[in-house]
Protein chains: 2
Amino acid sequence: MLRQLFFVISIAVVALANSQRKLSLDFPTPLLGNTSPGSVWPQPESHVSTAETFPVAVESFMFTYASKSNKCDLVYEAFKRYGAIIINSAGDQKLRFRPLTTPMLTGLEVNLMAPCEDYPSLDMDESYALDINSMAVATLTAKSVWGILRGMESFSQLLWESDSGQIVANKTNIIDKPRYAHRGILLDTSRHYQPVNVILENIDGMAYNKINVFHWHIVDDQSFPYVSSVYPDLSAKGAYNPITHIYTIEDVAEVIEYARLRGIRVVPEFDTPGHSTSMGKGQPGLLTECYTGSSPNGNYGPINPTVNTTYTFIQNLFTEVKSSFKDAYIHLGGDEVSFSCWQSNPAINNWMKSHNMTGDYKKLEQVYIQQVLDISAAIGYSYIVWQEVVDNGVKVKADTVVEVWINNHPDNELAKVTALGYRALLAAPWYLDYISTGEDWKRYYSYEPSNFNGTAEQKKLLIGGEACLWGEYVDGSNVTPRLWPRASAVAERLWSPETVNDVDAATPRLHQHRCRMVQRGIPAEPLHPGYCKHEWRN
Amino acid sequence: MLRQLFFVISIAVVALANSQRKLSLDFPTPLLGNTSPGSVWPQPESHVSTAETFPVAVESFMFTYASKSNKCDLVYEAFKRYGAIIINSAGDQKLRFRPLTTPMLTGLEVNLMAPCEDYPSLDMDESYALDINSMAVATLTAKSVWGILRGMESFSQLLWESDSGQIVANKTNIIDKPRYAHRGILLDTSRHYQPVNVILENIDGMAYNKINVFHWHIVDDQSFPYVSSVYPDLSAKGAYNPITHIYTIEDVAEVIEYARLRGIRVVPEFDTPGHSTSMGKGQPGLLTECYTGSSPNGNYGPINPTVNTTYTFIQNLFTEVKSSFKDAYIHLGGDEVSFSCWQSNPAINNWMKSHNMTGDYKKLEQVYIQQVLDISAAIGYSYIVWQEVVDNGVKVKADTVVEVWINNHPDNELAKVTALGYRALLAAPWYLDYISTGEDWKRYYSYEPSNFNGTAEQKKLLIGGEACLWGEYVDGSNVTPRLWPRASAVAERLWSPETVNDVDAATPRLHQHRCRMVQRGIPAEPLHPGYCKHEWRN
């Protein structure tokens, strides 16, 4: 096992000794400027470096395979991406620095110790080891292609621009692996349509933060932009606009491939039986008709769980979804089901009476969810559900992942879900659609997910978390700066060791990381008064 | 007087009768889509229109002068700008619609009834009258070039895209003038540097909202990006970066000219004696040295008011500023002066003793401010100050404008300031740097500035207000979507009649206006779930 070769230092050590810009104390608040150059975000498990720096031969920098390395299309594409990032980081300076007498860093040699893989998965190995020393070529070793991708991201972050404008790297040894296997970001493309290039931009942002799951909340009450070939009316009638506000099969494939190349899973969510208003527009009979007295009032409620056509529809739709989305998991939703429409509908009540569940709408919800879970499992899907599904007593498969989102003692919910033996994801503290003045990233950063009552076995069932940016108030005009660098705080919480939790120590690194994202084309918003060497749009 | 020709309807009437997208009631919240086409934001004093529409000859549309009209470079430049906006509004559709048998709207004839003016001013006349009827050419009449600019903006907003993609305009008569003379937006270029093209983009946004003052909070504690030719060290040592994070004389001139063409004043703020840390970096001896016990502790406080060199510096700097900035007004700041550093400094205390003001630091502040006001007045500047200047009893010129910013019963402060006979600006309810989840624009919209105790004469002394976007958390990455459309709420409050105050009625118009800004290249953020026909980056 490669891991046995690693010299693991359990507490991350960062010894970058180059001088930071000293800020005078008369400023009302410490400014953020060109601090923490060459720091890595999220912080590696072990990062040992010295003040010694090597100039980087930017112009002629080469990525190569080690002689015994496996080859992989994902690695080759990453060579191209990071080659471009390194060239761009040098800006106009890149031609000024010709080989010097000091040792130059001329390349990175990659040693992939296992065969290539096609798609990232929950079980992927993201560990890697990275070494920059006086040798001309730095080395990156990993047991999987996913570790190579993570290591190349770290390598690119180690390069920084000196005061003279030269790109340099400190003597560095990094041994790294993530703390949690599922580190996700939810984007909502229903409340507002998010253009494909905006999604791709944020997948780049995810890669820069070692986020490995794009939770695509693709449809909801407000609009249904997903184009189904089996049920084309779903987007034709349910999208905001059936031509301009949709995701075609090609769009979905493009997003998945873009994410795959960056080691990021794409998990779609088709939330039912609530949050499905737009789904009903193109599928007559799917939703429950709401009644006032003895007459339908023109409104529709959750999916009608009492008719067979519902389940045929779900089976056909999810079968198609599975053929588009490559991940083993689907998110089935199951949150916030309102019972009032079911309560008003005579046919629903008659059905419940004949099935001995008069008045028990929670039971009715269970009946629905149970069948949807069974259909999904039969298709071959593993699934994630929002916490209400388990809270309401639905029997779920043993490999179900339960996502905890209600921000009322989520620690108690984690204790409960894991005590039942289910795996859990934590989202509750990280709803980035809630905004407030000031540095809310510090609150996200400080929330320790493992702080719940439970055995060591239960703690292992917490497999990660997600930062959720619901779409009520974001679209292409503002979604990217609202997501970054706030989601970066969650990214470090989920990747780095639990002991990496000092907000003050993180601040200059996060500022540097934000400026790095800006330089790479992500309009990440500022944390605090200060500046970046390369400002957005300057 | 042209105004006597106007048929003024005191309560604005909008009778746009074309069908709006009917939203089904089963949506959890009303969605915002293609609503209120052809509505004008801020709403004119009188806007009468019918359901009759005329197709617009987009391709061949002509702006012309009426035969008796005065000519003006500002009008000519506006012809070009609005011509481009009209062409762009048609998108790909513009070639599809050739002259039809119905009356086409082929042009706008402009009648400027007075000679051209060079620079906008507090006293400018912004009234105009606009008529679109079955004649091929619509008419716009105004007593000043500023009214022509406002009217052209309204005209451009009256054009909308029908379901078939044709640009049309309703039969419309508008008679309009602003409620308040000073409608400003503060941007802060010190806490973060705002690139020049970002400033220009937001000046466009101001023009689209009939905002007429850019309050340029150009320097503050954190950085001094203003390049002074008399004191080049101010930016050389006080800017975040003396080459990339500065405003040169040419940059300032570009901003002023860009704003002038749009009828927008540029009022610079040089805040003293506090908020001046960065100013001290390039001007040794300007700031007060802070002491711990009997020794300087290396920190600096407010400007030292006890030495003559301070006033020589201010006089030279402000004389230079006056030669760059063309407006009659300068904002002199005067807010948030901390006394602790003055209190610690033996030389300051000795001076105060010898001037019979031992321990009275408020008096010391008065001495400073009084001299700065006198210097400014002698240079020929009128001035705006933050409310503390008057609160602290400084004697100011009769034409001083006092800006009320402290959000603790600003109505009482307005009553007090106007009772003293000063003109006032209201900023307190409109600090857009404070953010919260949801539709905060409704709060800004609902604040009625004239609701304070005072005589009719006092009410007249309230000359307007400002939306302030302080720079702690915004730079080029996010400043524009954070400003718009939230500042639009303030724009309508300050332009439209007091009676235009129904949030629900404003919502679809503001959504439409936001989409219009997006289409024109301003990444204005969404208000609420919904969509624009033309999304940002789609």
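A note on names: the letters A, B, ... follow the listed sequences, proteins ahead of strands, and every chain is numbered from 1. Values below: all heavy atoms of this structure, side chains included; hydrogens, waters and symmetry mates excluded.
Under a 3.5 Å cut-off, the side chain of B:T437 and the backbone N or O of A:I435 do form a donor-acceptor pair. Remark: the backbone N or O of A:W536 is not paired with any side-chain donor or acceptor of B:D475 at under 3.5 angstrom. Remark: the backbone N or O of B:K533 is not paired with any side-chain donor or acceptor of A:H245 at under 3.5 angstrom.
Looking at B:N241, neither its backbone nor its side chain comes within 4.5 Å of chain A, counting heavy atoms on both sides. In this structure, chain B has no heavy atom under 4.5 Å from any part of A:E336. Of the two parts of B:L527, only the backbone, made up of N, CA, C and O, holds a non-hydrogen atom closer than 4.5 Å to a non-hydrogen atom of chain A. Using a 4.5 Å cut-off between heavy atoms, A:V474 touches chain B through its backbone atoms (N, CA, C, O) alone. The contact between A:E535 and chain B is made entirely by side chain atoms (from C-beta outward), counting heavy-atom distances below 4.5 Å.
Contact count against chain B (heavy-atom pairs under 4.5 Å) is highest for A:E525 among A:Q194, A:E439, A:E525. Each of B:S190, B:C341, B:G476, B:S338 has some count of heavy-atom pairs under 4.5 Å with chain A, and the biggest count is that of B:G476.
The minimum heavy-atom distance linking B:S477 with A:A524 is given by the pair OG-O, 3.2 Å. Closest approach of A:T244 to B:N538, counting heavy atoms only: O-ND2, 2.8 Å. Summarising the geometry of B:P529 relative to A:H192, their closest heavy-atom pair is CA-CE1, 3.7 Å, with the distance given to 0.1 Å.
The OH atom of B:Y193 sits 14.0 Å away from the SG atom of A:C532 when rounded to the nearest 0.5 Å.
Around the NZ atom of A:K237, the shell of radius 6.0 Å holds no more than 12 heavy atoms that belong to other residues, nucleotides or ligands.
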